[in-house]
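Input: a single structure, listed below in C-alpha cells.
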Amino acid sequence: MRCLRRSRSPRHRPFRHPSPTINDEETTRKVAASFSAFFGERARELGIQTASEDFSEIPKALGVPFTYWGFGGTDPALYARAASKGTIATDVPTNHSAAFAPVVQPTLDTGVQAAVVAALACLGDGARSRS
C-alpha cells in the first residue's frame with residue numbers, strides 16, 4: 001500500500017497485541033442467571049468471540065470484573081434466506097460491515113433491557129421476571 005505522494009510504502013510495526021477476552025466467571029454466572037430469568041428461552045450461551053479482543057482492556061486496566069455478551073439484530077427474513085442457501089457467512093453482514101443494518105425493533109429494546117438486567121445483576125438484587 002502506498003500513501004498519497006509518497007515514494008515508498010509506509011512501515012508498520014505492531015507494538016502491542018490485546019489479550020483474549022476471558023470473562024470473569026462470577027460476573028458471567030450472575031449475568032447469565034439474570035438473563036435466563038428475564039429473557040427466558042431467548043437467553044443462550046454466547047460462544048467464544050474473537051471480534052472484540054480490545055473489549056477487556058479497560059476493565060483489566062481498572063481491575064474490575066467483566067463479562068461480554070451479545071444480542072441479535074439481524075432481520076429474521078434475511079437470516080432465514082441465507083440459512084436456506086447456506087450463505088450466512090457471506091449474506092448476513094456483521095457489525096463491522098458497511099452493509100450492517102440491524103432492525104431497530106426489537107434490537108433497541110433488547111439491548112436496553114440487557115444493559116439494565118446486567119446492571120441489576122451486578123449492582124442490585126438481580127433481574128426481576130417480566131411478570
Side-chain angles (χ1 to χ4, degrees):
M1 176 174 77
R2 293 204 178 265
C3 293
L4 185 64
R5 297 184 185 167
R6 295 258 318 170
S7 61
R8 61 183 172 94
S9 296
R11 288 186 301 227
H12 170 76
R13 183 178 56 101
F15 62 92
R16 185 169 185 274
H17 295 282
S19 57
T21 297
I22 300 173
N23 291 333
D24 176 74
E25 289 182 24
E26 178 65 15
T27 303
T28 301
R29 186 192 60 71
K30 285 181 186 178
V31 171
S34 292
F35 280 179
S36 290
F38 186 84
F39 292 110
E41 291 179 3
R42 293 172 55 206
R44 296 184 198 99
E45 185 174 330
L46 180 65
I48 293 174
Q49 303 291 304
T50 59
S52 293
E53 287 170 350
D54 60 342
F55 165 81
S56 58
E57 296 301 308
I58 292 174
K60 280 182 183 177
L62 296 174
V64 296
F66 60 88
T67 188
Y68 179 85
W69 73 81
F71 52 91
T74 300
D75 178 349
L78 170 69
Y79 191 90
R81 280 192 306 275
S84 71
K85 296 187 298 185
T87 58
I88 292 171
T90 57
D91 292 353
V92 178
T94 58
N95 62 339
H96 292 286
S97 164
F100 180 65
V103 292
V104 174
Q105 290 298 345
T107 307
L108 182 60
D109 287 347
T110 301
V112 170
Q113 290 167 346
V116 170
V117 169
L120 287 173
C122 294
L123 303 173
D125 295 330
R128 289 151 183 88
S129 88
R130 298 185 95 177
S131 53

Between Val117 and Phe38, what is the shortest heavy-atom contact and its length?
-> CG2-CG, 3.6 Å

Between Thr21 and Phe55 the two heavy atoms that sit nearest each other are CG2-CD2, 4.0 Å

Quick one: does Ile22's side chain get under 4.5 Å of Ser56's, heavy atoms only?
-> no

Minimal heavy-atom distance between Asn23 and Thr67, with the atoms involved, is OD1-CA, 3.3 Å

Should the heavy atoms of other residues, nucleotides or ligands under 6.0 Å from CD of Glu25 be counted, would the total exceed 12?
-> no

Decide, yes or no, whether a salt bridge links Asp91 with Lys85 under the criterion of side-chain N to carboxylate O below 4.0 Å.
-> yes

Can you name the residues that form a side chain to side chain donor-acceptor pair (under 3.5 Å) with Asp24, not counting sequence neighbours?
-> Thr27

Side chain to side chain donor-acceptor pair (under 3.5 Å) involving Thr107 - partner list, sequence neighbours excluded = none

What pairs with Arg44 under side chain to side chain donor-acceptor pair (under 3.5 Å), at least two apart in sequence or on another chain?
-> none

Could you go through the side chain to side chain contact (heavy atoms under 4.5 Å, CB included) check for Gln113 and Phe39 one step at a time?
-> CA-CA 9 Å; Gln113 290 167 346; Phe39 292 110; 3.6 Å; yes

Do Ile88 and Tyr79 pass the side chain to side chain contact (heavy atoms under 4.5 Å, CB included) test, and can you show the C-alpha distance, the side-chain angles, and the key distance before you say yes or no?
-> CA-CA 7 Å; Ile88 292 171; Tyr79 191 90; 3.4 Å; yes

How close do Phe66 and Thr28 get, heavy atom to heavy atom, and via which atoms?
-> O-OG1, 4.4 Å

Nearest heavy-atom neighbours spanning Ala121 and Ser34 | CB-OG, 3.2 Å

Is it true that atom CG of Leu62 has more than 12 heavy atoms of other residues, nucleotides or ligands lying nearer than 6.0 Å?
-> yes

Looking only at non-hydrogen atoms, find the nearest pair between Phe71 and Gly111 and report the distance.
-> CZ-CA, 3.4 Å

